[in-house]
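Because the structure is predicted, anything quoted here is derived from the model rather than measured.
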Amino acid sequence: IELPDGSQVHVNSGTFLLYPDAFKGDTRTVYLIGEADFKVKKDPKKPFIVRSGSMSVTALGTEFNVNAYPENSELMATLLEGSVKVEFNNLLSNIILKPNEQLVYDKHTKAHNLRMPEIDDVTAWQRGELVFSNMYLEDIFTSLERKFPYAFVYSLHSLKKNTYSFRFSKQANLEEVMKIISQVVGNVNYVIKGNKCYVTSKE
């Protein structure tokens, strides 16, 4: 998407971006539900602000990624280049990120931490790749529902509370993804029927 000021936004699946026909006033503010990568046109007089739930990211001319799906407990802002200020905890706290830093804010516990993620993993979705880093199965299934036109059916207590990491190419279909996940996890079966993927425990 090209915004009225010439900034470029690349949005991930299941994402909503609200922005005006023209930016008026002292700021360029957009509202994000989901995940997007922003390449911001420089304008020191008009800060560029991305608001998402209880987090706000302000940039003057930079590239950054914001992951803020409402069903995820964590909000993430990752700086690729330039400089951004991230406000969180209902905008009571803020931090300035350096390139390659990622702020992770937990909506429930209000805890935050700084990471140095693999930038290739953060931007993988833009290349159509699927990358999961230390994620619970239920969160992986939620991401897969956004990527593929299938609903997952499973009971939470049948899923192990372990975290897993996977990387799939953009050509991978749901059958190939679930085959690898079931082999790695070891104790789950899956059946894809119609537009649903049923996941059950082997035990």
Side-chain angles (χ1 to χ4, degrees), residues 7 9-19 25-40 47-126 130-147 152 154-166:
S7 295
V9 188
H10 191 158
V11 296
N12 202 346
S13 53
T15 295
F16 295 94
L17 182 73
L18 303 174
Y19 60 93
D26 301 333
T27 66
R28 296 170 285 164
T29 302
V30 300
Y31 296 85
L32 174 75
I33 301 166
E35 181 171 21
D37 180 272
F38 296 86
K39 288 186 177 74
V40 177
F48 188 94
I49 300 169
V50 179
R51 292 196 184 280
S52 196
S54 48
M55 189 164 77
S56 172
V57 182
T58 303
L60 294 170
T62 193
E63 182 179 357
F64 58 95
N65 192 90
V66 179
N67 183 321
Y69 285 105
E71 61 271 27
N72 292 359
S73 63
E74 292 181 333
L75 301 172
M76 285 179 262
T78 311
L79 181 63
L80 282 71
E81 58 182 59
S83 173
V84 293
K85 177 168 81 168
V86 184
E87 296 171 273
F88 52 97
N89 191 16
N90 291 327
L91 312 188
L92 297 172
S93 312
N94 70 76
I95 201 160
I96 305 279
L97 291 185
K98 297 188 193 79
N100 298 344
E101 281 187 338
Q102 178 183 72
L103 177 96
V104 182
Y105 172 67
D106 191 303
K107 292 187 285 199
H108 305 309
T109 65
K110 307 283 189 274
H112 74 277
N113 62 54
L114 270 181
R115 293 181 191 158
M116 297 287 283
E118 285 290 334
I119 293 300
D120 247 19
D121 290 355
V122 174
T123 58
W125 64 268
Q126 295 178 55
L130 273 173
V131 174
F132 304 113
S133 300
N134 297 316
M135 287 173 66
Y136 294 111
L137 280 179
E138 60 191 282
D139 295 330
I140 290 174
F141 293 160
T142 300
S143 294
L144 291 173
E145 284 180 330
R146 286 195 291 264
K147 176 85 174 169
F152 277 72
Y154 57 90
S155 70
L156 270 178
H157 72 268
S158 71
L159 300 181
K160 280 187 175 169
K161 267 296 182 193
N162 298 340
T163 59
Y164 301 92
S165 296
F166 298 98

Enquirer: Determine, stepwise, if the pair Val66 / Met55 fulfils side chain to side chain contact (heavy atoms under 4.5 Å, CB included).
Expert: CA-CA 10 Å; Val66 179; Met55 189 164 77; 4.1 Å; yes
Enquirer: Grab the two heavy atoms, one from Glu74 and one from Val104, that are nearest each other, plus how far apart they are.
Expert: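 For Glu74 and Val104, the tightest heavy-atom pair comes out as CD-CG1, 3.5 Å.
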Enquirer: Counting neighbours of CD on Glu71 that are heavy atoms of other residues, nucleotides or ligands and sit closer than 6.0 Å, is the number greater than 12?
Expert: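 Correct, the count exceeds 12.
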Enquirer: Is any side-chain heavy atom of Asp37 less than 4.5 Å from a side-chain heavy atom of Trp125?
Expert: yes
Enquirer: So is Lys110 actually on top of Tyr105's ring, under 6.0 Å and inside 45° of the axis?
Expert: no
Enquirer: Between Val84 and Val86, is the side chain to side chain contact (heavy atoms under 4.5 Å, CB included) condition met? List the steps.
Expert: CA-CA 6 Å; Val84 293; Val86 184; 4.2 Å; yes
Enquirer: Can you classify the ring geometry of His112 versus Phe88 as parallel (below 30°), tilted (30 to 60°) or perpendicular (above 60°)?
Expert: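 Rings of His112 and Phe88: tilted, as their planes differ by 30° to 60°.
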Enquirer: So does Asn12 get a backbone contact from the side chain of Thr15, meaning a donor-acceptor N/O pair under 3.5 Å?
Expert: yes
Enquirer: Measure from the side-chain N and O atoms of Thr163 to the backbone N and O of Tyr136, and report whether any donor-acceptor pair falls under 3.5 Å.
Expert: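 Here the side-chain-to-backbone pair does not exist.
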Enquirer: Could you walk me through whether Gln102 and Met116 pass the side chain to side chain contact (heavy atoms under 4.5 Å, CB included) test, one step at a time?
Expert: CA-CA 6 Å; Gln102 178 183 72; Met116 297 287 283; over 6 Å; no
Enquirer: Taking side chain as C-beta onward, heavy atoms only, is Ser7 less than 4.5 Å from Phe48?
Expert: yes
Enquirer: Could you report the tightest heavy-atom contact between Ser133 and Asp121, atom names first, then the distance?
Expert: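 Looking at all heavy atoms of both residues, the shortest contact is OG-OD2, 3.8 Å.
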Enquirer: How long is the straight-line distance from CG of Asn65 back to OG1 of Thr78, given to the nearest 0.5 Å?
Expert: 5.5 Å
Enquirer: Would Val9 and Val11 count as a side chain to side chain contact (heavy atoms under 4.5 Å, CB included) if you check the C-alpha gap in whole Å, the side-chain angles of each, and the deciding distance to 0.1 Å?
Expert: CA-CA 6 Å; Val9 188; Val11 296; 3.9 Å; yes
Enquirer: For Thr58 and Ile49, indicate whether the former's side chain and the latter's backbone hold a donor-acceptor pair under 3.5 Å.
Expert: no
Enquirer: Do Leu80 and Thr123 have side chains that approach each other closer than 4.5 Å (heavy atoms only, starting at C-beta)?
Expert: yes
Enquirer: Below 4.5 Å, heavy atoms only, C-beta onward: do Val57 and Phe38 meet side chain to side chain?
Expert: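 A side-chain contact is absent here, since even the closest heavy-atom pair is not under 4.5 Å.
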Enquirer: Does CZ in Phe166 sit with more than 12 non-hydrogen atoms of other residues, nucleotides or ligands closer than 6.0 Å?
Expert: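 Atom CZ in Phe166 is crowded, with more than 12 foreign heavy atoms closer than 6.0 Å.
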Enquirer: Output the distance between atom CG (Leu137) and atom OG1 (Thr142), rounded to the nearest 0.5 Å.
Expert: 10.5 Å
Enquirer: For residues His108 and Asp106, report the shortest heavy-atom separation together with the two atoms involved.
Expert: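 Shortest heavy-atom contact: N-OD1, 2.8 Å.
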Enquirer: Can you name the nearest heavy-atom pair linking Ala36 to Leu32, along with the distance?
Expert: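 Ala36 and Leu32 have their closest heavy atoms at CB-CD1, 3.8 Å.
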Enquirer: Any Lys/Arg nitrogen of Arg51 or Glu87 sitting under 4.0 Å from an Asp/Glu carboxylate oxygen of the other?
Expert: no
Enquirer: Just wondering, do Asn72 and Asn67 contact through their side chains at under 4.5 Å, heavy atoms?
Expert: yes
Enquirer: On a heavy-atom basis, which atom in Ser143 and which in Phe132 lie closest, and how many Å separate them?
Expert: CB-CE2, 3.5 Å
Enquirer: Over 60° means perpendicular and under 30° means parallel, so tell me whether Phe141 and Phe152 are parallel, tilted or perpendicular.
Expert: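 It falls in the parallel class, under 30°.
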Enquirer: If you round to the nearest 0.5 Å, how far is CG of Leu97 from NZ of Lys85?
Expert: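 Those atoms lie 12.0 Å apart.
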Enquirer: Quick check: do Phe64 and Val50 have side-chain heavy atoms less than 4.5 Å from each other?
Expert: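 In short, these two side chains touch, coming nearer than 4.5 Å.
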Enquirer: Looking at OH of Tyr164 and CE of Met135, how far apart are the two atoms once the value is rounded to the nearest 0.5 Å?
Expert: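 If we round to the nearest 0.5 Å, Tyr164:OH and Met135:CE are 13.0 Å apart.
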Enquirer: Rounded to the nearest 0.5 Å, what's the gap from CD1 on Ile140 to OG on Ser165? Could you check?
Expert: 7.5 Å
Enquirer: For a 4.5 angstrom cut-off between non-hydrogen side-chain atoms, does Pro70 reach Ile33?
Expert: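 Yes; the side chains approach each other to less than 4.5 Å.
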Enquirer: Can you tell me how far apart OG1 (Thr29) and CG (Leu18) are? Round to the nearest 0.5 Å.
Expert: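 The CG atom of Leu18 is 12.0 Å from OG1 of Thr29, to the nearest 0.5 Å.
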Enquirer: Salt-bridge test for Lys161 and Glu138: reply yes if a basic N is under 4.0 Å from a carboxylate O, no otherwise.
Expert: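 Result for this pair is yes, salt bridge flagged.
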Enquirer: Might you point out which heavy atoms bring Leu79 and Pro99 nearest each other, and give the distance in Å?
Expert: CD2-N, 3.4 Å
Enquirer: Tell me, yes or no, whether the heavy-atom count around Asn162 atom CG, taken from other residues, nucleotides or ligands under 6.0 Å, exceeds 12.
Expert: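 Result for CG/Asn162: enclosed.
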Enquirer: Is any side-chain heavy atom of Ser83 less than 4.5 Å from a side-chain heavy atom of Ile96?
Expert: yes
